[in-house]
K.L.:
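Just passing along the structure, written as structure tokens.
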Amino acid sequence: MATVYELYSYLNKIISPDLSCEWDNDGLMVCPDKFSDVKRVLLALDITSEVVEYAASEGFDVIISHHPLIFKPLKNVSGDDAASSKVISLIKNSVTAMSFHTRLDALDGGVNDMLAELLGVEDVEVLPGDPDMIGRIGNLEIPADPEEFSLYVKDQLGAENVNLVNAQLEVSRVALCGGDGKELLKAAYKAGADTYITGTLSYNNMIDAAQFPMNVIEAGHFYTENHVLNLLADLVEEFDELIEVEIYNSNIIKTI
């Protein structure tokens, strides 16, 4: 039977920490016993309280997430805040938590390459001007109307809604970054993109985008990244096909 340490070591080699941004905090978040057996793994974009509770009640040994459970340093582990409360619960229930964040964004075949494939973007390369090598840029085989393409993005990602800044440009050269991609807006324009797709930009950045000009599609942080759980599932199963893997929908933000 594989151990927590062996599983993490395997994933750590494939999703190298060398790809992580300097400001990031990911990796092994909580580990009650690194030599304990791994029989069941739960995958979630975020380790919410509901995810922790489900993992504990259903007997999962490990939770693997994209977003880090612990991002900012904990000042205490008293249970008085959300992060430390989850840490306490995980330790009590002998559940390990590991997260692969920006390194999974930058990984060849990771979050953003998968996003490009989902949206039919071809000839994909790393976005020029992105020092972290997270963003991607490529082409559509058949140019599209920006409003029609926005609806296509919504459908492909299963998003509840998308926001569009329509610069009245035909969609052909597409830059993208799953999650929070506000830092790459200018790089996308300078790289020659007529359209930029990301998860969240903020109102002010959406307004400013119109000056470039460039179509901008904001499709939701969760929806532009959640597909990467399929990759994590494949990696765990490649490591040990006897491990039971389940994907949990951790999205708690609903559009009403």
Side-chain angles (χ1 to χ4, degrees), residues 14-16 19 21 45 66 100-201 205-206 209-210 212-235 237-238 247:
I14 297 173
I15 315 169
S16 172
L19 296 173
C21 295
L45 194 70
H66 178 45
F100 299 90
H101 191 210
T102 51
R103 56 167 120 171
L104 195 51
D105 291 322
L107 180 72
D108 185 14
V111 171
N112 291 304
D113 287 314
M114 293 181 72
L115 179 60
E117 184 177 0
L118 274 171
L119 300 181
V121 180
E122 303 177 345
D123 307 316
V124 178
E125 58 184 333
V126 174
L127 179 67
D130 176 8
D132 298 317
M133 303 184 73
I134 286 175
R136 298 291 190 265
I137 190 168
N139 306 305
L140 292 186
E141 182 178 2
I142 301 175
D145 172 82
E147 291 196 8
E148 290 179 0
F149 184 68
S150 296
L151 292 174
Y152 171 76
V153 169
K154 176 184 176 182
D155 181 64
Q156 286 296 100
L157 300 183
E160 294 185 349
N161 66 284
V162 297
N163 295 320
L164 169 66
V165 172
N166 191 343
Q168 305 299 320
L169 296 174
E170 192 174 53
V171 182
S172 178
R173 184 73 169 157
V174 179
L176 53 87
C177 178
D180 186 340
K182 61 179 178 291
E183 300 298 333
L184 298 181
L185 186 62
K186 188 175 291 186
Y189 176 70
K190 287 184 176 180
D194 51 63
T195 304
Y196 179 52
I197 305 168
T198 190
T200 51
L201 268 177
N205 282 307
M206 290 287 284
F212 288 122
M214 181 171 60
N215 305 314
V216 177
I217 300 171
E218 188 183 48
H221 200 126
F222 177 86
Y223 299 104
T224 55
E225 294 186 323
N226 194 55
H227 52 268
V228 81
L229 300 183
N230 295 315
L231 171 62
L232 290 171
D234 289 343
L235 292 176
E237 289 169 357
E238 288 170 9
I247 293 176

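Positions are given from 1 along the sequence.
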K.L.:
Please round to the nearest 0.5 Å and tell me the distance separating atom CG of N139 and atom CD of E125.
P.N.:
8.5 Å
K.L.:
Is there a side-chain contact between I247 and N230, using heavy atoms and a 4.5 Å cut-off?
P.N.:
yes
K.L.:
Hey, does H101 have a side-chain heavy atom less than 4.5 Å from the side chain of H66?
P.N.:
yes
K.L.:
Does D194 reach the side chain of V171, with side-chain heavy atoms less than 4.5 Å apart?
P.N.:
yes
K.L.:
May I ask you to test the L169-T195 pair for a side-chain heavy-atom distance under 4.5 Å?
P.N.:
no
K.L.:
In the structure I gave you, are the side-chain heavy atoms of E122 and L140 within less than 4.5 Å of one another anywhere?
P.N.:
no
K.L.:
Donor-acceptor pairs under 3.5 Å, side chain of residues 143-153 to any protein atom, not counting sequence neighbours: which ones?
P.N.:
from: D145; atom 1: OD2; to: E147; atom 2: N; distance (Å): 3.0
from: D145; atom 1: OD2; to: E148; atom 2: N; distance (Å): 3.0
from: S150; atom 1: OG; to: P146; atom 2: O; distance (Å): 2.8

K.L.:
So which heavy atom on A187 is nearest to which on P128, and how close?
P.N.:
CB-O, 3.9 Å
K.L.:
Determine whether a donor-acceptor pair (N or O, by modelled atom type, separation under 3.5 Å) exists between the side chain of N215 and the backbone of A167.
P.N.:
yes
K.L.:
Quick one, Y223 and E160 - any side-chain contact, counting heavy atoms below 4.5 Å?
P.N.:
yes
K.L.:
On a heavy-atom basis, which atom in L157 and which in A219 lie closest, and how many Å separate them?
P.N.:
CD1-CB, 3.9 Å
K.L.:
Walk me through it: do L235 and I15 pass the test side-chain contact (heavy atoms from CB on, under 4.5 Å)?
P.N.:
CA-CA 10 Å; L235 292 176; I15 315 169; 4.0 Å; yes
K.L.:
So how far is it from D105 CG to D180 CG, rounded to the nearest 0.5 Å?
P.N.:
10.5 Å
K.L.:
With side-chain contact (heavy atoms from CB on, under 4.5 Å) as the test, would you mind laying out the steps for T200 and E218 before giving the verdict?
P.N.:
CA-CA 6 Å; T200 51; E218 188 183 48; 4.2 Å; yes
K.L.:
Where do A209 and V216 come nearest, in terms of heavy atoms and distance?
P.N.:
CB-CG2, 3.4 Å
K.L.:
So for atom CE, which belongs to M206, do other residues, nucleotides or ligands contribute more than 12 heavy atoms lying within a distance under 6.0 Å?
P.N.:
yes
K.L.:
Determine, step by step, whether L104 and L232 satisfy the side-chain contact (heavy atoms from CB on, under 4.5 Å) criterion, reporting the C-alpha distance in whole Å, the side-chain angles of both residues, the deciding distance to 0.1 Å, and the verdict.
P.N.:
CA-CA 10 Å; L104 195 51; L232 290 171; 4.1 Å; yes
K.L.:
Can you give me the closest heavy-atom contact between F212 and Y189, atom names plus distance?
P.N.:
O-OH, 2.6 Å
K.L.:
Evaluate side-chain contact (heavy atoms from CB on, under 4.5 Å) for T224 paired with T198, printing each intermediate quantity in order.
P.N.:
CA-CA 7 Å; T224 55; T198 190; 5.8 Å; no
K.L.:
Rounded to the nearest 0.5 Å, what separates atom SG in C21 from atom CE in M133?
P.N.:
11.5 Å
K.L.:
To check you understand the geometry: which heavy-atom pair defines the closest contact between Q156 and L119, and what is its length?
P.N.:
CB-CD2, 3.9 Å
K.L.:
Using 0.5 Å steps for rounding, measure from the CD atom of E183 to the CG atom of N205.
P.N.:
8.0 Å
K.L.:
Verify, without hydrogens or angle tests, whether R136 (side chain) and A106 (backbone) share a donor-acceptor contact under 3.5 angstrom.
P.N.:
yes
K.L.:
Could you tell me whether E117 atom CD has more than 12 heavy atoms of other residues or ligands within 6.0 Å of it?
P.N.:
no
K.L.:
Does any part of the side chain of L19, heavy atoms only, come nearer than 4.5 Å to the side chain of I134, both counted from C-beta?
P.N.:
no
K.L.:
Do L107 and L231 have side-chain heavy atoms sitting under 4.5 Å apart?
P.N.:
yes
K.L.:
Measure the spacing between CG of L127 and CD1 of I137 and express it to the nearest 0.5 Å.
P.N.:
5.5 Å
K.L.:
Let me confirm one number: the CG-CG distance from D130 to L184, rounded to the nearest 0.5 Å.
P.N.:
4.5 Å
K.L.:
Return the minimal non-hydrogen interatomic distance between G181 and Y196, and the atom names on each side.
P.N.:
O-OH, 2.7 Å
